[in-house]
Amino acid sequence: MLFCGINPGLLSAATGHHFARPGNRFWPVLHLSGFTPRRLAPAEQAELLTYRLGITNVVARATARADELSAEEFREGGRILTAKVELLRPQWLAVVGVTAYRTAFGERKAQIGPQERTIGSTRIWALPNPSGLNAHWTAESMAQEYARLRAAAEPPAG
């Protein structure tokens, strides 16, 4: 599973850790949804690899808010992300932010959940953005959606 945030915030850029802002709910939601056995701190992001999880961004440029990015930056980020996925070949690409997914991949009507588009054999799932600015999703409702992805990604029993 490769999780893909929108772009680094200023604190993430300064620390080198994804989702570093204290109000961001990514790390708690990742744990609540069952992806990690405990809540990781941003500085522990390398531990994700032990759970067969990776993390990247659509756009590399740091901003205070994602709405400071241009549509072209998203489209270019989508091209770079596609090349990264073709190289790494994760089972799933989880784009954290449906608006970022829509813009980066030209899928204007995409909704939260599994997408029809694939990159090679990699399936794509659009997840809610865990930013504190995304107030209409609670940590609990986000965790339910992240858990749907985790269940879809688990190998069948037997």
query = Is any NZ, NE, NH1 or NH2 atom of the basic residue among Glu68 and Arg65 found under 4.0 Å from an Asp or Glu carboxylate oxygen of the other?
reply = no
task = Check whether any side-chain N or O of Ser141 sits under 3.5 Å from a backbone N or O of Trp137 as a donor-acceptor pair, and report yes or no.
result = no
message = Can you tell me how far apart CG (Leu53) and CH2 (Trp92) are? Round to the nearest 0.5 Å.
response = 14.0 Å
message = Pro8 and side-chain contact (heavy atoms from CB on, under 4.5 Å): which single residue from Thr63, Val59, Asn57 fits?
response = Asn57
request  = May I ask you to say whether Glu154 pairs ionically with Arg52, meaning some side-chain N is under 4.0 Å from a carboxylate O?
outcome  = no
query = Just by distance, do the side chain of Thr103 and the backbone of Ala71 share a donor-acceptor pair under 3.5 Å?
reply = no
query = Does Thr118 reach the main-chain N or O of Arg123 with its side chain, forming a donor-acceptor pair under 3.5 Å?
reply = no
query = Could you give the distance from CD1 (Ile119) to CD (Glu86), rounded to the nearest 0.5 Å?
reply = 7.0 Å
key: Phe19 and Phe26 aromatic ring geometry - parallel, tilted or perpendicular at 30°/60° bounds   = parallel
message = For a quick test of reading the model, state the closest non-hydrogen atom pair linking Arg61 to Leu69 and the distance between them.
response = NH2-CD2, 3.7 Å
key: Backbone of Pro128 reached by a side-chain donor or acceptor of Tyr146 within 3.5 Å   = yes
request  = Start with the C-alpha gap between Asn134 and Arg25, add the side-chain angles, then the distance that decides, and say whether side chain to side chain contact (heavy atoms under 4.5 Å, CB included) holds.
outcome  = CA-CA 10 Å; Asn134 188 8; Arg25 298 168 292 177; 4.0 Å; yes
query = Do the side chain of Glu107 and the main chain of Glu116 share a donor and acceptor less than 3.5 angstrom apart?
reply = no
task = Indicate yes or no: at least one non-hydrogen side-chain atom of Leu149 is less than 4.5 angstrom from one of Ser33.
result = no
key: Under 3.5 Å donor-acceptor, Gln45 side chain and Ala41 backbone   = no
ask   = Are more than 12 heavy atoms from other residues, nucleotides or ligands located less than 6.0 Å from atom CZ of Arg148?
value = yes
query = Below 4.5 Å, heavy atoms only, C-beta onward: do Arg102 and Phe74 meet side chain to side chain?
reply = no
query = Roughly how far apart are Ile55 CD1 and Leu30 CG, rounded to 0.5 Å?
reply = 8.0 Å
ask   = Arg21 side chain to Gly9 main-chain N or O, any donor-acceptor pair under 3.5 Å?
value = no
task = Might you work through the salt bridge (Lys or Arg N to Asp or Glu O under 4.0 Å) test for Glu44 and Arg38, ending with a clear yes or no?
result = CA-CA 11 Å; Glu44 298 175 297; Arg38 65 178 180 83; 2.7 Å; yes
Residue list, salt bridge (Lys or Arg N to Asp or Glu O under 4.0 Å) with Glu140, at least two apart or on another chain = none
remark   = So CG of Leu81 and CZ of Phe105: to nearest 0.5 Å the spacing works out to 4.5 Å
